[in-house]
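Scroll down for the structure; my scribbles are underneath it.
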Amino acid sequence: MEQDQRIIVGVYHLSKSFGKHFGLHDVNLQVANGEFVFLVGPSGAGKSTLLRMIYMDDFPDSGQVVVGPYVSTRMKSSTIAELRRKTGIVFQDFRLLGDKTVFENVALALKAAGAGLGEIKKQVTEILMRVGLYHKRYDFPHELSGGEQQRVAIARAIANRPAVLLADEPTGNLDAVVTRSILELLFKINAGGTAVLMATHDLELVKSFGQRIIYLEGGRVVKDSEMIYVGDLRRKIDGSPVGRRAERLEGRDIRGEGEGR
Amino acid sequence: MNAAQFGYVFDEAATMLRRHKAANAVSIVIMGLSLLILVVFLLVTINVQAVIDRAGDEMRVYVYLADGAGEAAARDIQMRLLGLPGVEEVVFVPRDEALLSFRETLGKNSDMLDALEGNPLPDAFRVKVKPEYIRSERLEEMARNVEGWSGVEEARYGERWLERGEKLVKGFYFADLFVGLIILLSVVFVIANTVRLTVISRQRSIEVARLVGATNAYVRIPFLVEGAVQGAVAAGLAVALSAIVHAVARRHLPGLLFLGGDAIAAFVFFCTILGAIVSLGAMRRLLRF
């Protein structure tokens, strides 16, 4: 299925079971271009599973995930690689390569995308400056603090200028001060136009920011702070808060453009 | 994959080999020792084969002419022998020459021959047969055929020796193939596991590379190159060690053959491909999509 171009991530009637108790049940949600969404729920609610479905490391038993032009039911190995290059992914455990320097870790994403060496050098330098780690470019991950490692992971995730950044408990291993700084970095990235979908179990942490929050519990979406009714794209784009937010971020009036593709 | 990516994967392979020197060295030594068993086995095979070939090469069929067959009949028989399939060379052995060489064979017991009246030995043809025709059934057929010719008394080819020799050689080939297969399978198994351990130890790198959008080819090629390099170096190590084994063994068994240049090149090539293939196989499970 094709979805409205203003929606970067669409999840439609997604179900996935792992035995009797775990899994996702008829999950529906959409994230608009440039939107910042917190995906909140207790451990085992299915947040990580949902994110894995979105970056297509796993596939639903039924329903569909659509990320930009990529549809979960039509993916092959090569299109998955393409999708990953357009989707930044950040994890609680950073997932940096211990045998590579900070620079090389960030460069990896650009190399995989086939960028030239000159471009890689320029781009990595710029991104490392943005996350404040240029001076540590020759360090190995074990020489960095947790917060710094997460900054490197974020730098790697945004190296290919993705349309959406998925973050799975990115602050789970960090103390309060560092957590705050990582969130600020994510907001800064979002302000540059990248949609961010961040999963966390910590409602207290996120509720003060006034961003959209989707609550997941027992594998179901139990509440969406902006009361968007999934499946009703026309209403969502034309009149809902998401529509207004997308409009604000894109800096232009998107209403009246029809339903897209 | 574009040209830049192609360059990166080879860079990556070089970096992997450089940064994981110890792990690679351990893998190469394990693989090299397993391959050494294979090389020693190959050496035993080619040396036994050489002994068998030499024995076959010395094998001759003797066609004895009837008394008083005459020169014309002898020439006719020689031409007919040369016309038989598998016959390489036909040499006339006059009875006097045969007696002389018999005398030489007997050595100091040769005075026994003095008791004989005249020369009891017949004129004969010594027939050299092509190696592929040295089979008891073929030679027997040939002998039976030739014995039917006029002027031929008898044709002999050392049938008892040949039959026993053939059984031995057949048994050796069977055992050789069987043992060879077992050794080959064990070596492939050891190499596959060694490479698999390397791949598993880099599972994290593979995961991360896939997460940032590396294609399967991009992820695979460095491992493929690494597996191939390990295979090639291990093969070189095995050949070097077997050369030492060969040099020591040759002191006791002079004339022992070693693998030729072509065989060494083929062996190293085989191990290079083997390393690459098992490396790919080991990754298959890690690259699901």
Side-chain angles (χ1 to χ4, degrees), chain A residues 51-52 55-59 67 70 72 75-91 93-101 104-121 140-141 152-162 165-166 168, chain B residues 1-27 197-227 229-230 280-289:
Chain A
L51 289 184
R52 283 181 57 215
Y55 63 82
M56 302 196 194
D57 188 39
D58 203 349
F59 291 88
V67 181
Y70 302 99
S72 61
M75 298 304 279
K76 340 179 264 207
S77 158
S78 57
T79 45
I80 290 174
E82 253 177 65
L83 162 77
R84 303 272 174 83
R85 281 179 230 143
K86 293 174 185 167
T87 313
I89 313 168
V90 179
F91 298 93
D93 59 356
F94 322 131
R95 304 213 185 163
L96 297 174
L97 297 178
D99 61 350
K100 293 198 186 308
T101 63
E104 289 168 337
N105 265 287
V106 179
L108 181 68
L110 291 157
K111 282 183 173 177
L117 277 181
E119 191 191 336
I120 290 176
K121 197 163 180 214
F140 284 90
V152 178
I154 293 171
R156 184 182 64 195
I158 59 168
N160 282 315
R161 304 177 202 277
L165 177 66
L166 306 172
D168 191 1
Chain B
M1 187 175 289
N2 67 22
Q5 283 170 310
F6 210 69
Y8 299 145
V9 294
F10 283 96
D11 267 3
E12 179 62 24
T15 310
M16 268 163 72
L17 285 166
R18 211 174 45 237
R19 291 208 180 140
H20 301 275
K21 267 191 220 112
N24 273 310
V26 170
S27 301
L197 287 179
T198 317
V199 173
I200 288 172
S201 73
R202 315 267 173 76
Q203 194 166 356
R204 171 52 63 104
S205 322
I206 294 175
E207 261 174 41
V208 170
R210 293 284 288 143
L211 278 177
V212 299
T215 57
N216 279 347
Y218 188 94
V219 176
R220 273 190 194 123
I221 290 175
F223 282 93
L224 194 100
V225 172
E226 195 182 33
V229 169
Q230 282 185 352
L280 270 189
M283 264 189 301
R284 236 188 19 208
R285 257 187 285 171
L286 296 175
L287 297 174
R288 287 172 298 146
F289 308 119

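Each chain gets a letter, A, B and so on, in the order its sequence line appears, and its residues count up from 1.
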For each of [options], tally heavy-atom pairs with chain B at distances under 4.5 Å, and name the one with the top tally.
options                              : value
A/Ala157, A/Gly98, A/Ala109          : A/Ala109
A/Lys111, A/Arg85, A/Glu104, A/Glu82 : A/Lys111
A/Leu96, A/Leu108, A/Ile89           : A/Leu108

I'd like to check the side chain to side chain donor-acceptor pair (under 3.5 Å) partners of A/Arg95; sequence neighbours left out, ordered by chain and number. A/Asp93
Output yes when a side-chain donor or acceptor of [X] lies under 3.5 Å from a complementary backbone atom of [Y], and no otherwise.
X        : Y        : answer
A/Asn105 : A/Lys100 : yes
B/Arg220 : B/Leu280 : no
B/Tyr218 : A/Ala113 : no
A/Thr87  : A/Leu83  : yes

Is it the side chain or the backbone of B/Ala214 that comes within 4.5 Å of chain A heavy atoms, both, or neither? both
Count the heavy-atom pairs under 4.5 Å between each of B/Asp11, B/Thr15, B/Val9, B/Val208 and chain A, then report the option with the highest count.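 Option with the greatest count: B/Val208.
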Residue among B/Gly7, B/Ala217, B/Ser205 with most heavy-atom pairs under 4.5 Å to chain A: B/Ser205
Which bit of A/Leu117 is near chain B, if near means a heavy-atom gap under 4.5 Å: side chain, backbone, both or neither?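 For A/Leu117, backbone and side chain are both near chain B.
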Can you list everything that forms a salt bridge (charged side-chain N to carboxylate O under 4.0 Å, His left out) with A/Lys86? Sequence neighbours excluded, please.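 Here no residue qualifies.
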